[in-house]
Amino acid sequence: MGEREGALEGVEPVSDRWAGRRVFVTGATGMIGSWLVKDLLARGAHVVALVFDADPQSELDRSGDLRRVAVVNGALEDFRTLERAVTQHEVDTVLHLGAQALVGVAHRSPLATLETNIRGTYNLLEACRLHQDLVRGIVVASSDKAYGEQRELPYTEAMGLAGTHPYEVSKSCADLIARAYHATYGLPVAIARCGNVYGAGDLNWSRIVPGTIRSLLRGERPVIRSDGGYVRDYFYVKDAARAYLRLAEALDDPRVPGAAFNFGTESPTTVLELVHVIQKLMDCTHLVPDIRASAQGEIRTQYLSTEKARGVLGWAPDFDLHTGLRETIAWYREFLSASGGGR
């Protein structure tokens, strides 16, 4: 399965549903946030971006999109900043992607992760609750990690949330808080649980896709922190961004507010299989992976059923693994060449 026939490269055709809407995006400088902002701008939305740390290497900045949005500087942990963003910019839609998103960082520094992911979520939802006269729709980015480790596969939305380690727990809590704000206050919020998102713009080199590509471009052996047998559903960033938009568009469907939806490719892949695919696409199969088996606090096997999203939202991914990785590799070739090898 390649990209759907008729779709433009990078973004889908402009939709009138977003033209003129005032959209607050947290996590806008992250990998997914950068592509989400790009899609929103192409659709004619007015975007307000929460920016904590300025990063000139962020795709949002490098693409020039940062200069096309209204920027609110501050942290998710600061309630007044979030309330000011909602009220002063008269936001009608909120897409909450902001989070500390690295499992390893959460394991080393749980307090900062819990503060950002949990406090940040209830701060934002409380700001939206206080100003429901403005905010008509909210999407909260949860994660497949919110399920914790389940005995049955694939994971479905009917399963309970059972995070165990700090990152998983932070996503389980944020997910539950979002549903509580809908059930208690009628807040029009839906939850997106994506698989492992990869793609252009991810500068967290500890992650398997950017780390492997950078190593191969340098002629080095790719490093695998686990034993290579961990299983995930690798989900391309453009598909993830479009999934958030589709979920937000569907909030007027009574089946959607208060509900969670899985998004992924339904193609479980081991870490070692993923690395081998990247090696083949880059013609670097001679570089034997360095398997260190040192990963901590990670679920061994996890992948999602997207039957609910397909049935209720009419959603399906546009990219398979090979197509997404080809675009991703091309982006990193250009980026690392321009930046002298990356940091």
Side-chain angles (χ1 to χ4, degrees), residues 26-27 30-32 76-77 95-126 138-184 187 189-198 204 206-208 225-227 229-235 240 243-244 247 258-264 266 268 271 294-306 308-309:
T26 70
M31 172 182 55
I32 306 173
L76 286 166
E77 296 89 334
L95 302 175
H96 177 41
L97 280 68
Q100 192 302 100
L102 296 175
V103 174
V105 171
H107 193 82
R108 293 192 302 271
S109 182
L111 178 61
T113 298
L114 298 173
E115 285 282 311
T116 299
N117 295 1
I118 299 175
R119 184 192 296 272
T121 298
Y122 67 64
N123 277 348
L124 182 60
L125 293 173
E126 180 65 6
I138 307 153
V139 169
V140 170
S142 183
S143 167
D144 55 356
K145 306 302 181 291
Y147 290 109
E149 192 162 11
Q150 303 279 345
R151 292 183 178 181
E152 297 182 11
L153 293 164
Y155 290 9
T156 71
E157 294 86 348
M159 293 176 174
L161 303 182
T164 301
H165 297 289
Y167 180 73
E168 301 161 25
V169 168
S170 76
K171 302 309 283 187
S172 296
C173 289
D175 199 308
L176 288 167
I177 289 166
R179 287 192 284 171
Y181 265 83
H182 171 73
T184 308
L187 208 63
V189 57
I191 299 124
R193 298 174 185 158
C194 292
N196 277 38
V197 180
Y198 71 92
N204 291 304
S206 63
R207 287 187 177 139
I208 191 64
R225 291 181 298 107
S226 69
D227 62 8
Y230 284 53
V231 176
R232 295 290 185 269
D233 184 4
Y234 294 96
F235 187 41
Y244 291 125
L247 186 54
F261 293 84
N262 291 341
F263 296 101
E266 296 187 320
V271 172
S294 60
Q296 292 182 306
E298 296 193 22
I299 297 165
R300 185 166 187 86
T301 302
Q302 190 169 44
Y303 53 93
L304 301 167
S305 166
T306 62
K308 182 178 177 182

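For clarity, every value in this text was computed on a predicted model and none was experimentally measured. Positions are given from 1 along the sequence.
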**Student:** So, taking the atom named CG in Asp227 and the one named OG in Ser294, what distance separates them when rounded to the nearest 0.5 Å?
**Tutor:**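 Between Asp227 CG and Ser294 OG, I get 10.5 Å after rounding to 0.5 Å.
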**Student:** Can you check whether Ala180's main-chain N or O pairs, donor with acceptor, with Thr184's side chain at less than 3.5 Å?
**Tutor:**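 It does hold such a pair.
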**Student:** By side chain to side chain donor-acceptor pair (under 3.5 Å), which residues pair with Asn117, not counting sequence neighbours?
**Tutor:**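 Side chain to side chain donor-acceptor pair (under 3.5 Å) check on Asn117 returns Ser170.
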**Student:** Give me the atom names and distance for the closest heavy-atom approach of Ser172 to Ala146.
**Tutor:**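 For Ser172 versus Ala146, the nearest heavy atoms are OG-O, 2.6 Å.
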**Student:** What's the separation between atom CG in Leu176 and atom OG1 in Thr121, rounded to the nearest 0.5 Å?
**Tutor:**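 Leu176 atom CG to Thr121 atom OG1 measures 11.0 Å (nearest 0.5 Å).
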**Student:** Closest approach of Tyr167 and Lys145, non-hydrogen atoms and distance?
**Tutor:**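 Result for this residue pair: CE2-CG, 3.6 Å.
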**Student:** Locate the shortest heavy-atom distance separating Thr26 from Gly98; write the atom from each residue and the value.
**Tutor:**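 Answer, listing the atom of Thr26 first, then Gly98: OG1-N, 2.8 Å.
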**Student:** Checking Lys308 against Thr156 for the side chain to side chain contact (heavy atoms under 4.5 Å, CB included) test, could you report, in this order, the C-alpha distance in whole Å, the side-chain angles of both residues, the deciding distance, and whether it holds?
**Tutor:** CA-CA 8 Å; Lys308 182 178 177 182; Thr156 71; over 6 Å; no
**Student:** Between His182 (side chain) and Leu187 (backbone), is there a donor-acceptor pair under 3.5 Å?
**Tutor:**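 Side chain of His182 to backbone of Leu187, a donor-acceptor pair under 3.5 Å: yes, one is there.
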**Student:** Do Pro166 and Thr113 touch side chain to side chain, with heavy atoms closer than 4.5 Å?
**Tutor:**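 They are not in side-chain contact.
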**Student:** Any ion pair linking Lys171 and Asp175 (charged N to carboxylate O, less than 4.0 Å)?
**Tutor:**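 No, this pair does not count.
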**Student:** Between His165 and Ile299, is there a side-chain heavy-atom distance shorter than 4.5 Å?
**Tutor:**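 In short, these two side chains do not touch, never coming nearer than 4.5 Å.
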**Student:** Taking all non-hydrogen atoms of both residues into account, name the closest pair between Thr116 and Gln100 and its distance.
**Tutor:**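 Answer, listing the atom of Thr116 first, then Gln100: CG2-N, 3.8 Å.
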**Student:** Between Met159 and Asn262, does the side chain to side chain contact (heavy atoms under 4.5 Å, CB included) criterion hold? Intermediate values first, please.
**Tutor:** CA-CA 11 Å; Met159 293 176 174; Asn262 291 341; over 6 Å; no
**Student:** State whether a side-chain donor-acceptor pair under 3.5 Å links Tyr230 with Asn196.
**Tutor:**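 No pair is found: no donor N or O on one side chain lies under 3.5 Å from an acceptor on the other.
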**Student:** Got Tyr198 and Ile208 here, is their nearest side-chain heavy-atom distance under 4.5 Å?
**Tutor:**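 Tyr198 does not reach Ile208 side chain to side chain.
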**Student:** Indicate the atoms forming the closest heavy-atom contact of Phe235 with Gly264, along with that distance.
**Tutor:**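 Looking at all heavy atoms of both residues, the shortest contact is CD1-CA, 3.7 Å.
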**Student:** Tyr244 vs Cys194, test: side chain to side chain contact (heavy atoms under 4.5 Å, CB included). Steps then yes/no.
**Tutor:** CA-CA 10 Å; Tyr244 291 125; Cys194 292; 3.7 Å; yes
**Student:** Quick one: does Leu76's side chain get under 4.5 Å of His96's, heavy atoms only?
**Tutor:**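 Counting from C-beta outward, Leu76 and His96 do come under 4.5 Å.
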**Student:** Return the set of residues passing ring pair (Phe, Tyr, Trp, His ring centres under 6.0 Å) with Phe263 (not counting sequence neighbours), or none when no residue passes.
**Tutor:**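 So Phe263 forms a ring pair (Phe, Tyr, Trp, His ring centres under 6.0 Å) with Trp315.
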**Student:** Is there a donor-acceptor pair under 3.5 Å between the side chain of Glu266 and the backbone N or O of Thr306?
**Tutor:**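 Yes; at least one donor-acceptor contact below 3.5 Å.
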**Student:** Treating Gln150 as the side-chain partner and Gly160 as the backbone partner, does any N or O pair qualify as donor plus acceptor under 3.5 Å?
**Tutor:**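 A pair under 3.5 Å: yes.
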**Student:** Between atom CG of Asp144 and atom CG of Asp233, what is the distance when rounded to the nearest 0.5 Å?
**Tutor:**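 Between Asp144 CG and Asp233 CG, I get 8.0 Å after rounding to 0.5 Å.
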**Student:** If you round to the nearest 0.5 Å, how far is CG of Leu153 from CG of Leu304?
**Tutor:**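 That separation rounds to 9.5 Å.
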**Student:** Answer yes if the side chains of Tyr155 and Arg193 hold a donor-acceptor pair under 3.5 Å, and no otherwise.
**Tutor:**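 Looking only at side-chain atoms, Arg193 and Tyr155 do not form any donor-acceptor pair under 3.5 Å.
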**Student:** For Tyr181 and Glu126, which I'm curious about, is there any donor-acceptor pair between the side chains at under 3.5 Å?
**Tutor:**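 Note: Tyr181 and Glu126 side chains meet the donor-acceptor criterion.
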**Student:** Enter the distance from Glu168:CD to Glu298:CD here, rounded to the nearest 0.5 Å.
**Tutor:**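 Answer rounded to 0.5 Å: 9.0 Å.
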**Student:** Closest heavy-atom contact between Gly163 and Val169?
**Tutor:**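 Taking Gly163 first and Val169 second, the nearest heavy atoms are O-CG2, 3.4 Å.
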**Student:** Is a donor on one side and an acceptor on the other found under 3.5 Å between the side chain of Arg232 and the backbone of Arg300?
**Tutor:**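 It does hold such a pair.
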